[in-house]
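Below is one structure, written out as structure tokens, with a few remarks after it.
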2 protein chains.
Amino acid sequence: MTETVPRPTLEAVAARAGVSRATVSRVVNGSDGVREPLAERVRRAVEELGYVPNQAARSLVTKRHDAIAVIVAEPETRVFADPFFARQLRGISKELTTHDNQLVLLLTEDRDDHVRVGHYLAGGHVDGALVFSLHIDDPLPELIQRAGLPTVFGGRPDWSGGRGGVVYVDSDNRGGARDAVRHLLGLGRSRIAHITGALDQTSAVDRLDGFRDVMVDADPRLVVEGDFTPAGGEWAMRELLDRCPDLDAVFAANDLTAAGALRVLREHGRRVPDDVAVVGFDDMLPIAEQTEPPLTTVRQDIEEMGRLMARLLLRDLDRTTAADENVGGTPSSVILPTTLIRRASA
Amino acid sequence: MTETVPRPTLEAVAARAGVSRATVSRVVNGSDGVREPLAERVRRAVEELGYVPNQAARSLVTKRHDAIAVIVAEPETRVFADPFFARQLRGISKELTTHDNQLVLLLTEDRDDHVRVGHYLAGGHVDGALVFSLHIDDPLPELIQRAGLPTVFGGRPDWSGGRGGVVYVDSDNRGGARDAVRHLLGLGRSRIAHITGALDQTSAVDRLDGFRDVMVDADPRLVVEGDFTPAGGEWAMRELLDRCPDLDAVFAANDLTAAGALRVLREHGRRVPDDVAVVGFDDMLPIAEQTEPPLTTVRQDIEEMGRLMARLLLRDLDRTTAADENVGGTPSSVILPTTLIRRASA
DNA sequence: GTGAAAGCGCTAACAG
DNA sequence: CTGTTAGCGCTTTCAC
């Protein structure tokens with residue numbers, strides 16, 4: 001079945017149009033300098049034969065692949081429990097599609113995978129890489145640097161080390177956290193607690209910093225470490241209630257954590273937001289809308305993050321390829337703004 | 001920056017090992033017939049030079065790409081709101097990685113995208129395709145058939161048309177639905193309602209069929225159409241409460257729908273499960289665990305689905321390539337079992 | 001068993 | 001402007 005009919009080559013098209021391969025190549029690649037009557041003949045031949053260029057042959061000579069790798073390093077599987085991942089991919093995909101680039105997805109789980117990925121990248125199959133979910137001391141950046149591949153990171157990488165040139169796209173975690181806490185303050189709350197995320201991720205650290213920016217001399221007992229999961233949120237909330245029964249607000253590092261906290265508050269008979277106001281982070285749907293009460297939270301534009309990462313990378317590739325002078329300078333990181341979404345919990 | 005050091009070629013390795021390119025090629029590709037002393041020399045040279053084969057050059061001659069496309073057609077963006085997608089990808093990724101294949105991700109949104117994807121597939125960049133989320137009358141299968149690419153579908157495709165040879169992997173939606181309803185029956189419920197999913201997807205149709213298998217002559221008013229969303233669930237639940245105030249159980253086509261139904265039930269003062277028992281479908285975390293009360297639901301092994309799809313496809317490719325006789329026959333579809341997960345809602 | 005040579009399909013100088 | 005001519009890096013007969 002599925003008998004593989006040999007696809008037509010440039011040669012075939014050239015023969016049919018009565019021109020040389022070079023001419024067909026020119027037309028196909030949109031390079032000007034082919035007179036209309038000829039060009040038209042070629043286009044018809046292409047159409048009639050259903051010709052599609054062989055990417056392998058093309059890459060072999062151009063050293064371009066029009067493909068970029070998206071690497072998601074998530075040993076903890078957490079990413080897969082939430083819809084983030086899909087959103088970012090969508091943003092990336094849209095941007096790449098627009099520029100006729102392919103998306104090669106590389107998912108890693110353990111150390112072995114990192115070696116494999118490093119090998120793959122070193123193999124020069126892709127023109128660049130987009131990297132996600134780095135945790136502290138992840139070996140991946142090192143491998144990528146070594147492969148010498150243009151790269152853009154999703155989320156601020158931790159290792160400040162690097163040769164200065166790290167480009168990343170991130171949400172304004174710190175600013176968003178500040179907004180959340182100020183909102184709580186504006187509601188007249190004063191005993192505001194914070195349940196952090198997993199502190200081996202910069203997003204968690206940045207949100208904590210934002211909290212501290214506003215609550216300069218907060219009671220240290222009002223900060224307890226969570227891990228971005230509902231279970232972590234529950235545990236932390238109990239701890240908080242135990243330590244500081246008088247708290248009147250909670251800023252959770254993400255919506256999942258907030259959902260856990262909400263449950264514990266209800267269990268303890270605290271009314272939300274009357275007794276305790278709660279603010280989350282992410283605006284992760286459908287979680288944020290499904291909680292009881294619906295969650296006030298800080299929204300980040302995930303899809304836009306993805307799109308921007310791709311755009312930055314492609315721009316860099318163009319510069320590199322065109323060698324058109326260093327016009328435009330090296331690309332730099334981007335921090336996307338967040339928005340406070342008011343629902344019922346605060 | 002990032003000065004592109006030309007990577008070593010087969011030629012270089014051959015020179016270094018003092019053998020011919022052909023010999024290096026043999027060693028690299030694990031083809032036997034190279035004597036140990038030589039093979040070892042070659043391996044060392046490869047190691048020292050950090051040689052990695054150029055895939056483009058290889059594909060050019062082998063016509064193999066060791067890459068498969070994963071196509072997610074989801075005009076409605078629904079997929080992106082849930083964690084399914086990521087899970088399936090993970091399963092696929094694992095399997096492909098094991099067999100040294102790359103995953104090229106193609107996301108489509110509208111008609112234009114379909115054309116683009118069709119073109120890409122026809123371009124012979126990948127060896128096969130894995131296709132998801134088909135809705136009725138989706139033009140994609142047609143395009144893929146035309147491209148003559150080995151394909152495995154995720155979820156039972158609707159169009160029974162096709163040349164008989166459609167291979168797909170799906171959960172036992174119908175059987176799972178039967179289990180759910182029987183469970184409700186076992187609880188002593190008799191006025192069991194069903195909120196369907198979007199009926200332009202086979203999974204929704206199959207679940208409805210399962211419901212009917214058990215509730216052979218159910219009151220037709222007990223079935224109302226939903227759309228797999230929480231909002232749809234809310235609307236449907238209100239409708240049901242209005243039509244049949246005496247219902248004592250609800251089987252929702254998925255967890256999101258169930259979450260919406262739960263909210264409306266609470267709003268109407270119906271206690272769950274005491275007054276009305278509720279069962280969902282998917283075991284979509286963290287939704288199912290977060291609802292109030294936690295949801296009894298039918299779990300499907302999403303990741304396994306992905307893994308299986310990839311396995312089926314790769315097997316097919318091997319057969320096709322090896323041309324080793326038609327041993328093993330054409331691959332056939334697989335239906336994965338589901339499991340009822342008991343929590344508090346029923 | 002190992003090497004030599006012939007392309008795979010395409011682009012990019014270079015002529016004309 | 002258009003055609004001719006080299007390869008890109010690799011696998012694969014085919015001799016030795």
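All values reported here derive from a predicted model rather than from experimental measurement.
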Review point. Quick one: does Ile92(A)'s side chain get under 4.5 Å of Val70(A)'s, heavy atoms only?
Key: yes

Check your understanding: Are the side chain of Ser31(A) and the backbone of Asn29(A) linked by a donor-acceptor contact shorter than 3.5 Å?
Key -> no

Practice item. Before accepting this row, confirm whether a basic side-chain N of the pair Asp318(A)/Arg315(A) lies closer than 4.0 Å to the acidic partner's carboxylate O. Key: no

Revision key, fill the gap. For Tyr51(B) and Pro8(B), the nearest pair of non-hydrogen atoms, with its separation, is CD1-O, 3.3 Å

**Study point:** Candidate pair Leu89(A) and Leu105(A), rule side-chain contact (heavy atoms from CB on, under 4.5 Å), full reasoning
**Key:** CA-CA 9 Å; Leu89(A) 275 183; Leu105(A) 186 65; 4.1 Å; yes

Exercise for review: In whole angstrom, give the distance that lies between atom CG of Leu60(A) and atom P of dT11(D).
Suggested key: 12 Å

Check your understanding: So, does Asp127(B) use its side chain to make a donor-acceptor pair with the main chain of Arg64(B) at under 3.5 Å?
Key -> no

Point to revise | Outermost nucleotides of DNA chain C that come under 4.0 Å of a non-hydrogen atom of chain B | key: dG1(C) to dG9(C)

Exercise for review: Indicate whether OP1 or OP2 belonging to dT11(D) is found under 4.0 Å from a side-chain N or O atom of Lys63(B).
Suggested key: no

Review point. Ring pair (Phe, Tyr, Trp, His ring centres under 6.0 Å) with His125(B): which residues, sequence neighbours excluded?
Key: Tyr120(B)

Review point. Per the end-axis method with five pairs at each terminus, what is the bend angle of the helix from dG1(C)-dC16(D) to dG16(C)-dC1(D), to 10°?
Key: 40°

Check your understanding: Would you say Asp66(B)'s side chain and Asn101(B)'s backbone share a donor-acceptor pair under 3.5 angstrom?
Key -> no

Listed pairs, N/O of protein and of nucleotides 12-16 of chain D, under 3.5 Å:
none

Exercise for review: Give a yes or no on whether His99(B) atom NE2 has more than 12 heavy-atom contacts from other residues, nucleotides or ligands under 6.0 Å away.
Suggested key: yes

Practice item. With side-chain contact (heavy atoms from CB on, under 4.5 Å) as the test, would you mind laying out the steps for Met305(B) and Arg87(B) before giving the verdict? Key: CA-CA 9 Å; Met305(B) 255 184 87; Arg87(B) 285 259 173 68; over 6 Å; no

Practice item. Show your reasoning for whether side-chain contact (heavy atoms from CB on, under 4.5 Å) applies to Arg21(B) and Thr9(B). Key: CA-CA 9 Å; Arg21(B) 274 153 49 202; Thr9(B) 72; over 6 Å; no

Revision key, fill the gap. So, with a heavy-atom separation below 4.0 Å from DNA chain D, the residues of residues 33-49 of chain B are none

Point to revise | Main-chain N/O of Glu95(B) paired to Arg307(B) side chain as donor or acceptor, under 3.5 Å | key: no

**Study point:** Arg90(B) side chain to Glu303(B) backbone, donor-acceptor under 3.5 Å
**Key:** no

**Study point:** Of residues 8-17 of chain B, the positions that come close to DNA chain D - non-hydrogen atoms, cut-off under 4.0 Å
**Key:** Thr9(B), Leu10(B)

Check your understanding: Does His65(A) reach the main-chain N or O of Gly124(A) with its side chain, forming a donor-acceptor pair under 3.5 Å?
Key -> yes

Check your understanding: Do Asp316(A) and Val167(A) come within less than 4.5 Å of each other through their side chains, counting heavy atoms only?
Key -> no

